Amino acid sequence: MSSNGKKRQLEGKIALITGGSRGIGLAISIELARRGASICFNYLKNHNAASNAEKKLNELGVKTLKLRTHLGDEQSIKELITSVQNEFGKLDILVNNAASGVMKPSAELGVHHWDWTMNINARAPWLTTRGFAKIMPRGSKVINISSPGSSKVIPSYFAVGVSKSALESITRYMAIEMAELGISVNAVSPGFIMTDAIKAFPSELSIEKLATRPTPAGKSVQAQDVANVVAMLCGEDAEMIRGHVIIVDGGETLLVH
């Protein structure tokens, strides 16, 4: 496919990327915009990052909708769905990217830490997918962003890892349930990528070194690598991929350390 054809393959589509103003979410927002999609994204606290993301997307010449949404709150999610419906009338692509969590071992977590993490990382993708399905036409795509911690044990990652395991299970179940509506559901699991999220890990774990060292592919994984795979799943060529978790890590998790 020519670069121009690749760029316009999502023209006329409406995409929502949760947490789409920073890190991997921003890379996904920009890549889908480059391919012609109008972009909606939500954020919670970082107004500057949201404004900068909106500016970058507007410079790409696509319609952009910035929404402040607390994904841990059910009513806020309902308002998000209503806002997108009022603005665009439909949604073609939903990328459940937003994530949060408290970086502590299980013995040090409080119930409120658990609830916060599970509500944003697992309950919200279920609620957004279920809610937006009502305005998603046949051929629409849902992509959930997971993590290697869903199946590997990462220190101080207990609540987030469990929530990502739940998210991958949600992906499988909803892939079947949404199939009758013509909506495909998949997940993408990035390796360690140098974003602000990496800084949440305790420094003694040296996660930043993991995020910057070369993988078996010969280089570290970048947010753009993830965005490219998400964009691929949004295209017609991925129609028969359903309920799978695509790992984007340059082969890193195949190694025994």
Side-chain angles (χ1 to χ4, degrees), residues 6-73 76-77 79-88 90-101 120-121 124-125 127-129 131-132 140-147 167 187-188 190 192-200 211 220-235 248:
K6 179 180 178 181
K7 185 182 289 187
R8 306 314 303 174
Q9 67 182 2
L10 298 179
E11 191 165 11
K13 303 295 186 181
I14 312 299
L16 167 66
I17 301 89
T18 66
S21 63
R22 295 189 296 161
I24 292 172
L26 177 58
I28 294 170
S29 296
I30 290 173
E31 184 58 34
L32 299 188
R34 285 173 178 157
R35 301 190 187 206
S38 297
I39 303 296
C40 318
F41 69 88
N42 86 288
Y43 72 101
L44 180 58
K45 296 179 180 179
N46 196 324
H47 297 282
N48 288 336
S51 295
N52 289 335
E54 183 180 38
K55 180 181 178 181
K56 290 179 180 179
L57 292 166
N58 286 336
E59 289 173 351
L60 292 172
V62 299
K63 187 172 182 179
T64 304
L65 180 63
K66 175 184 68 175
L67 296 165
R68 187 169 184 267
T69 309
H70 177 22
L71 292 170
D73 178 72
S76 192
I77 290 174
E79 293 169 1
L80 172 68
I81 295 169
T82 298
S83 295
V84 173
Q85 183 174 15
N86 289 343
E87 184 70 25
F88 295 101
K90 67 164 185 170
L91 185 70
D92 301 288
I93 298 165
L94 170 62
V95 182
N96 287 308
N97 163 76
S100 186
I120 293 175
N121 298 0
L127 291 175
T128 54
T129 301
F132 276 113
S140 293
K141 315 288 184 178
V142 177
I143 298 103
N144 300 318
I145 305 301
S146 189
S147 158
L167 180 61
V188 173
F192 293 111
I193 297 176
M194 197 60 232
T195 65
D196 288 343
I198 291 293
K199 298 175 183 177
S220 60
V221 185
Q222 304 296 315
Q224 185 61 47
D225 298 316
V226 182
N228 291 341
V229 174
V230 170
M232 178 272 292
L233 288 172
C234 293
V248 184

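Only a predicted model underlies this, so the values are computations on that prediction, with no experimental measurement involved. No hydrogens, no waters, no symmetry mates; every other heavy atom, side chains included, goes into these values.
- Note that the CG atom of L167 and the CG atom of N121 stand 8.0 Å from one another [nearest 0.5 Å].
- Residues P190 and I145 are in side-chain contact: their nearest non-hydrogen atoms beyond the backbone lie under 4.5 Å apart.
- Inspection of the N46 and S21 side chains reveals no N or O donor paired with an N or O acceptor under 3.5 Å.
- Partners of K13 under the salt bridge (Lys or Arg N to Asp or Glu O under 4.0 Å) rule, at least two apart in sequence or in another chain, do not exist in this structure.
- You'll find the side chain of I93 reaches within 4.5 Å of the side chain of L10, heavy atoms only.
- Inter-residue side-chain proximity for I17 and V230 is flagged as unmet; no heavy-atom pair is nearer than 4.5 Å.
- Put simply, CZ on F88 and CD1 on I14 are 5.0 Å apart, with the number rounded to the nearest 0.5 Å.
- Note that CE of M232 and CD of Q9 are 10.5 Å apart. Values are rounded to the nearest 0.5 Å.
- Residue K66 holds its NZ atom at 15.5 Å from CD1 of I39, rounded to the nearest 0.5 Å.
- Put simply, the side chain of R8 never gets that close to the backbone of R35: no donor and acceptor are under 3.5 Å apart.
- Put simply, the side chain of L16 reaches to within 4.5 Å of the side chain of L80, judged on heavy atoms.
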Point to revise | Trace of the side chain to side chain contact (heavy atoms under 4.5 Å, CB included) decision for V142 with F132 | key: CA-CA 10 Å; V142 177; F132 276 113; over 6 Å; no
Point to revise | Derivation of the side chain to side chain contact (heavy atoms under 4.5 Å, CB included) call for T69 and L44 | key: CA-CA 6 Å; T69 309; L44 180 58; over 6 Å; no
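- We find that E59 and K56 are not joined by a salt bridge, their nearest charged nitrogen and carboxylate oxygen being 4.0 Å or further apart.
- Ring-plane geometry between Y43 and H47 is classed as perpendicular, the angle between the planes exceeding 60 degrees on a 0 to 90 degree scale with a lower cut at 30.
- Summarising the geometry, atom CD1 belonging to I120 is positioned 7.0 Å from atom CG belonging to L71; distances are rounded to the nearest 0.5 Å.
- Between the side chains of Q224 and N228, a donor-acceptor pair is found at a separation under 3.5 Å.
- A donor-acceptor pair under 3.5 Å is absent between the side-chain atoms of N42 and the main chain of L67, judged by distance alone.
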